[in-house]
Amino acid sequence: MTISVGIDIGTGAVKTALFRSSGGNYEWLARCNDKIRQRDPLELARKGLDQVLEESGIGEEEVDYIATTGEGENVTFSTGHFYSMTTHGRGAIYLDPEARAVLDMGALHGRAIKIDGLGKVLTYRMTSQCASGSGQFLENISRYLGIPQNEIGDLSKQADNPENVSSICAVLAETDVINMVSRGITAPNILRGIHDSMAGRLAKLLRVIKAGDGVVFLSGGLALDEGLVDSLNAAMKIQKLKLVARNHPDSPYSGAIGAAIWGAFRHEKLNAMAEAS
Amino acid sequence: MSADIQTEVIKEASMLKQKEMIARNYDELTSTAESGRKMVSTFVPGNLNELINCFGMLNNLPEINAINNGMRKKSGAMIMDAERAGHSEDVCTYVKADIGMMSKGNIAPNGKPMPAPDMLLLSYTGCFTFMKWFELLRHEYGCETVMLQVPYTGDGVITDNMRQFVVKQLKEEVIPAMERVSGVKFDIDRLRENLARSAKAEDDLVWVLESAKNVRSPIDAYFGGVYYIGPIFTAFRGTEDAVEYYRLLRGEVEKRIEQGLGPITPEGDMDEERYRLVVEGPPNWTSFREFWKMFYDEGAVVVASTYTKVGGVYDLGFRHDPERPLESLAEYCLGCYTNRNLPSRVELLEKYVNEYQADGLLINSIKSCNSFSAGQLLMMQEIEKRTGKPGAFIETDLVDPRYFSAANVKNRLESYFQMINQKRQSTKVA
Amino acid sequence: MKCYIGIDLGSTTTKAVVMDAGGEVLGRGITNSRSNYDTASRVAKLEAFISTRFTLFHRALEKVSGLQEAQVDRLLENLERHFRLELFLEQLNDLHQTCAVNADDLRYPGQKDRICAVLDVVFQKLAEKLQKLFGPGVRRKSDFFRDLAGSEYMAVAEEASKTMGVFFETLINIYDKSIIDVENRPPNADMAGKFLRALDRVLREEDLTVDPETIKQAIKDVLDVELEESYVVGTGYGRVRLPFSKDHIRSEILCHGLGAHLMYPNTRTVLDIGGQDTKGIQVDSKGIVVNFQMNDRCAAGCGRYLGYIADEMNLGLHELGPMAMKATKAVRINSTCTVFAGAELRDRLALGEKRENIMAGLHRSIILRAMSIISRSGGVTNEFTFTGGVAKNEAAVTELKKLVRENYGDVKINIDPDSIYTGALGGAEFARRAVEQEA
Amino acid sequence: MGTESIIARCETLFEDIDFQVVREWKAAQQGRKVVGFMPVYVPEEIIHAAGMLPMGILGGGSDLEVIHGDAFYQSYICRIPRSTVELGITGRLDFLDGMLFPSICDVIRNLSGMWKLMQPKVYARYFDVPQNYQDDVGGVYYQEEMQELRRDLAKLAGHEISDEAILGSIGIYNRHRQLVRDLYALRSAEPWKVPSTEAYLLMRAGMLLPVEEHIEMLKGYLAAVELEDKPRRDNCRVIINGSFCEQPPLNLIKSIEMAGCYVVDDDYMLVNRWLMEEVSTEGDPIRNLADAFLHHSADSAAKYCTKKEEVGQYLLDSVKKNSAEGVIFAAPSFCDPALLERPMLADRMTQHNIPHISFKYAENSGQMQPIREQAGTFADSIKLWS
Ligand SMILES: Nc1ncnc2c1ncn2[C@@H]1O[C@H](COP(=O)(O)OP(=O)(O)O)[C@@H](O)[C@H]1O
Ligand SMILES: Nc1ncnc2c1ncn2[C@@H]1O[C@H](COP(=O)(O)OP(=O)(O)O)[C@@H](O)[C@H]1O
Ligand code: SF4
Ligand code: SF4
Ligand code: SF4
């Protein structure tokens, strides 16, 4: 039996998951999701660890492996670090065994990851240095329109005539949006336009990794935005991708889950190697 | 939209002739399976149409296909296709439009599929991208590929070494490969005849382009110019068709001068000529009409452009010469606009601004094309310094609609025109 | 009287300048460009007319014998305070009503009464607190209602939500929704009434040596003057969106060039850093633009960049500059992408760099980009003028001065507190010329 | 000397954007001349034989603040030309007597003309190489190009450049090339002993130092490495490809290793490694150099590949020779040659089941996080599943 903790330090929130595993069975015992809001992420990581320990009633000395992922390379109390695409791939398989590709839609970057049935990463692609079409951008716009984030999805689904968001630059697109409002375009149509343009880019990433067909699992902060999911499905159809996008209520935890599972895996492997020698 | 515009505008004979030539050419290209003719893919700058023609082969120009797809608003999707297939966002969109077109079945404007080329003639003139472009095409087609390296005239002169190198490649690589592919033996006299026809058409072309020196220019040497250079830059140089086209065109322009008319635009004859510009850089194709309109609506006429020299700088005196067939082909390749070094490009622009009495230099900088674009800002500074005329700089792309921001371009153009205007008024007052 | 108006519709702020027939500036007005440019220019114009009235008041009161210069100034300062307060309370009340209406939303079923009760408390407190902003000698953090009301609302609402059992998020949502409506509603028309009521209050407070009625009459006379919109010129980013006809539109480049020339006739180079563009402009001795460069399609390194940073660090725009000024060194920041600014910032913080030093680096990187644009437009030849919103930022200004000196030697550098109005000023002058020079 | 002090010296050289060491070399003796050259290849032997110092110019790196350089280039052009222009305008290259712009891409080609306009007093030449590899076609052309260069340099030097002198220089450069090959071989065999950054800094020093001095430096380093013990990490073995012109920031090179990758071969600054075999020191030196170029020069995106099958063969060979587990395609943003070539190379790798990833950088990229993430995931995937 192995106890492992995965800590995913993202740009917006720190997610922590605690697992008990033995012989390939993974049991998710505790979790914690804390928005960063201008606090020190490293402290939040510690807080997250404490909280899952408390929730599960497990002592820190009983933990075999603490794995960080995301921006957690500098966490001092971790056993090891896995890079985020490694962990999102594994987390996706845990949450949805049918997934063969993962789309991680974070605040600044989008990542498309092609995986096999065991969560092994086959190929991947990230968006570049330019923030056009990022989650952050959507966030700014919704703030501007006075719409809370959890309502974006529903509104976007009500669109009847989505407006094209043309500019490439996120900042210039912001002005585009200002103009749309003044032209009387409704919020749903604007949001859907943005969703469509984001989805187009994300679908392109999937094309680039040759995601094939099957289920794309959505992870990361935007995974639960149903409007984006809709747009994404539409965009994939347009781009002739035979994929279905699916999310899971625990989608935001994929990275932490993956880290915990790989941590356990690594721990067992290291043990086996130690025994062998 | 273009349909209702067309009803207002009378098509001149030359336009009809050109349309007919292009249509016929595409029909020939898409019917090689029946005709058994071979097809060579090659590039506009430094193309060897007269030579290709000697072997009875057809000439297919991927840049022209990309332009066509750009004007028909099809290039955007093609570029995206290529990018999804792993091509970088940063590279020339002609290449991506071409590769995307392939993945969409290589459909020619006449709706029929283009055959695969029998030969790739990499006449690598003035741009490194060409080399990789054809390596990429070879990767797809696997057909015979010949490289014709045209050395860059880094010091602004064509040296004997360069000329001989090109001639030697023609003799030892290009011609044998063409014989091999076409099964036709090379006949230098046929080449000479073609070259003689080229020279004739070139004379008339130069006359037409230089007609813009008239204040109240009868032509637009950029937007209209791209139509005028069509035949000479593409599959028609060296043909009787081209000679005929330029004869007609020259006649029409002569008439316009007599009648005191300005250039033709898609919305009819242009009214007043308010600004005379020299333009450096290729146009944008995806919003060609919209772009053009920004000029003629303001009364701006382009009196000279460098883009119309990419397939040969004829107005500096070069002519294809039947007496020195291979040498003159070599010199033609070596002398194309983008194969000239920057100081020579600056000199040419300076000459244009002065000789065509332009109000200034406008640079349309193309994201795709480093060959054109790298160094243009310095060119602008130099021209401003040498001529005292203001320059302006806009940025668009060839066939990628994502990089044409109408508002942005318009803003800059308007500012530029207003600036010229304001300057004029102040000199008038003074 | 004849008034010539220039309106600069920026991407972040909209500015208006009112000029008289002789070319003298009478008033300036600014507002944030919101989703609606029509409203923005209406409000900016209104603000400029308010400011025009004050100029005219000043002229009128100067003529009243027995009033000292200092007295006039104090009088008008107090008048403005009271006048602003009334406007403010009116808007606050509007916001309250709008919030109450928005509380009746399907999203908060059956909660309306409870929410409204909280809102009543919140707005009561807000009014009390914010009144103080209009006390004598108080410097307000911002000129805009949104900023003034917003920051306090958050604090007050958070407190109230805890004690009264309504979700804080709900209050925020309602606020976000309502503020836009309120902002887009111009104040009600009775300006003269507001001035007079404010004046009454001032006169009550003041201990004057002059007969109050004389003053009142002087003010009334000014209020009776009709301010006629003789010609309006629009410029700036949003100009094409407005119902300006073509000959009422000028390129912002020309307006900035001319505006800078009017302020500093010897200036030859103008740098304008606005919300999403940076312009380098060269003008000749008559204020005519001879060359210009703008940032290309990427908005990296513009004013908006600072906005993102401010949001990221939870600071006001005004606080960035002072923080950067405390730096001991400038951390090199290479990626100037506006949106990535936040990420880079976190990266650096994680590496243990000090906030002040990062801030200095960010400012330096903006100015470096601006320097490139200046260089592109032809460098600095003679007197240099810095305009646009970012000129209000002292750290940016300091860095710019340093770099200009390093690269172009000891040139005179002009920065005017009113430089944000440069474009509008140029516009007004174009408007004036269109009429006065025709004649 | 231990490796540490050697590397410290290299670091100082690397960071010095005023090129003090070259200035000193020039000042040490009257009449000394320096000829700068840009990527990707020039026959340094001819410059050396003229008694001049060939100095490699690779842009301004991540610390140069580019102010004027941006005034000459649009945002969609790579960075090396703008930082090079900046170096020129700010007088940091004022000691150069000549500047060579090799045939690599349109940007550097056009820069040659810009240099002529901006620095009319300095000898500037676009140096062409053949894309035709027949001795009697491309070879003849190339020999004449080199002869022209030789005549120009002789004029600049004020004396003829004899065949013997060039043959002598070829001999010295042969020794140098051998040492560079040794360094790369050692790193490939025991990558933990020669960290990427050290190998890189050593090579960078070679762009500035006289070849004789660099030969000693390399010898010293190779000897010192043998005596030192460095811990071996559980990293995977990768090859970097596409960075032959504009250089990645040192932090990026570091980040790749930190993220779990040992770099066992790279194409940073191909210049020193362009001619892959000894050049003959007998007979006509120009001819020998031409032969070496035509038949034994490294492949890169700047060269035409005559046959379809040969595209990417060099990379495959390197993967085999160095037992690499994967390839990282790292190219400068907007670098046409590298980015156009990439899909063909990637295809080739895929055909042979060699894992690969790709990203772009600029010489002044500041954000390493995405790079670490991609390289790290790559390393993870190789480590966890192989
Ligand atoms: N040969 C030509 N010479 C000059 N201008 C031309 C020529 N052909 C076309 N144009 C200009 O371009 C416009 C569009 O031409 P065309 O390509 O025929 O349009 P469409 O595809 O809409 O029929 C014409 O109205 C004319 O102004
Ligand atoms: N008080 C202030 N202190 C510091 N910076 C400011 C201040 N006010 C505005 N700014 C900066 O100026 C920018 C807006 O400039 P402005 O010239 O109004 O732009 P635009 O003309 O595009 O609307 C803002 O993005 C901000 O960075
Ligand atoms: S274009 Fe916009 S989003 Fe992209 S890098 Fe520039 S500022 Fe950032
Ligand atoms: S880079 Fe320029 S010259 Fe080269 S293929 Fe593209 S558009 Fe043509
Ligand atoms: S980085 Fe690439 S595009 Fe830029 S100069 Fe070098 S080879 Fe040319």
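Chain identifiers are assigned alphabetically (A, B, ...) following the order of the sequence lines, protein sequences preceding nucleic acid strands; residue numbering begins at 1 within each chain. Side chains included, hydrogens not; waters and symmetry mates left out as well; all remaining heavy atoms used.
- Remark: the backbone N or O of T145(B) is not paired with any side-chain donor or acceptor of K308(D) at under 3.5 angstrom.
- Using a 4.5 Å heavy-atom cutoff, the side chains of S88(B) and K360(D) are in contact.
- In terms of heavy-atom pairs under 4.5 Å with chain B, the best-connected choice from K307(D), E145(D), M118(D) is K307(D).
- When each of K168(B), R138(B), E382(B), Q376(B) is checked for heavy-atom pairs under 4.5 Å with chain D, R138(B) comes out on top.
- The shortest heavy-atom contact between G375(B) and Y73(D) is N-CE2, 4.1 Å.
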Practice problem: Could you check D128(D) against Q149(B) for side-chain contact (heavy atoms from CB on, under 4.5 Å), going step by step and ending with a plain yes or no? | Solution: CA-CA 11 Å; D128(D) 206 0; Q149(B) 181 186 3; 3.7 Å; yes

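- In terms of non-hydrogen atom pairs under 4.5 Å with chain B, the most contact-rich of A346(D), P81(D), S103(D) is S103(D).
- In terms of non-hydrogen atom pairs under 4.5 Å with chain B, the most contact-rich of R125(D), E144(D), E148(D) is E144(D).
- Between chain D and the residues E172(B), Q164(B), K171(B), K367(B), the largest count of heavy-atom pairs under 4.5 Å involves K367(B).
- Residues Y126(D) and G154(B) come closest through the heavy atom pair CB-CA, 4.0 Å.
- Heavy-atom distances place the side chain of E173(B), and not its backbone, under 4.5 Å from chain D.
- Pairing each heavy atom of D347(D) with each of H139(B), the nearest pair is OD2-NE2, 2.9 Å.
- With a threshold of 4.5 angstrom between heavy atoms, N370(B) approaches chain D through its backbone and through its side chain.
- For the atom pair Y304(D) OH and Y124(B) OH, the distance stands at 11.5 Å (nearest 0.5 Å).
- I108(D) CD1 to F128(B) CZ: the interatomic distance, rounded to the nearest 0.5 Å, is 9.5 Å.
- Among S112(D), A71(D), A331(D), C105(D), the residue making the largest number of heavy-atom pairs under 4.5 Å with chain B is C105(D).
- Atom CE of M114(D) is separated from atom CG of L377(B) by 8.0 Å, given to the nearest 0.5 angstrom.
- When atom types are taken as modelled, the side chain of N161(B) and the backbone of Y141(D) share a donor-acceptor pair closer than 3.5 angstrom.
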Quiz item: Could you go step by step and tell me if M147(B) and N132(D) meet the side-chain contact (heavy atoms from CB on, under 4.5 Å) rule?
Solution: CA-CA 7 Å; M147(B) 152 72 99; N132(D) 171 302; 5.5 Å; no

Quiz item: When you look at C335(D) and D90(B), which way does the side-chain contact (heavy atoms from CB on, under 4.5 Å) test go after all the steps?
Solution: CA-CA 8 Å; C335(D) 176; D90(B) 295 355; over 6 Å; no

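- For the pair L122(B) and Q131(D), the minimum side-chain heavy-atom distance is 4.5 Å or more.
- Summarising the geometry, atom CE belonging to M131(B) is positioned 9.5 Å from atom SG belonging to C305(D); distances are rounded to the nearest 0.5 Å.
- The number of heavy-atom neighbours closer than 6.0 Å to CZ of R163(B), taken from other residues, nucleotides and ligands shown, is above 12.
- Nearest heavy-atom pair, E135(B) versus K303(D), reported as atom, atom and distance to 0.1 Å: OE2-O, 3.8 Å.
- Most heavy-atom pairs under 4.5 Å with chain B, from the set P337(D), S358(D), P130(D): that is P130(D).
- Only the backbone of I366(B) comes within contact range of chain D, with at least one heavy atom under 4.5 Å from a heavy atom of that chain.
- In this structure, no portion of L148(B) lies under 4.5 Å from any heavy atom of chain D.
- Separating the SG atom in C127(B) from the CG atom in D336(D) is a distance of 7.5 Å, to the nearest 0.5 Å.
- When heavy atoms are compared at a cutoff of 4.5 Å, F393(B) approaches chain D solely by way of its side chain, counted from C-beta outward.
- Among all heavy-atom pairs drawn from Q169(B) and V137(D), the shortest one is CG-CG1, 3.7 Å.
- If you tally non-hydrogen atom pairs under 4.5 Å between each of G126(B), C369(B), G142(B) and chain D, the highest count goes to G126(B).
- Remark: H87(B) NE2 to L340(D) CG distance equals 8.5 Å, nearest 0.5 Å.
- Side-chain atoms of K132(B) come within 3.5 Å of backbone atoms of A301(D) as a donor-acceptor pair (strictly under, hydrogens ignored).
- Between chain D and the residues V95(B), T129(B), N341(B), the largest count of heavy-atom pairs under 4.5 Å involves T129(B).
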Quiz item: Does the side-chain contact (heavy atoms from CB on, under 4.5 Å) test come out yes or no for D155(B) and K116(D), once each step is laid out?
Solution: CA-CA 9 Å; D155(B) 288 329; K116(D) 282 180 202 274; 2.5 Å; yes

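- In this structure, chain B has heavy atoms under 4.5 Å from both the backbone and the side chain of R109(D).
- Between chain B and the options V107(D), L111(D), V85(D), the largest number of non-hydrogen pairs under 4.5 Å is found for V107(D).
- Note: S371(B) leads C92(B), S371(B), G86(B) in heavy-atom pairs under 4.5 Å with chain D.
- Nearest approach of Q74(D) to S365(B), heavy atoms of both residues: NE2-OG, 2.7 Å.
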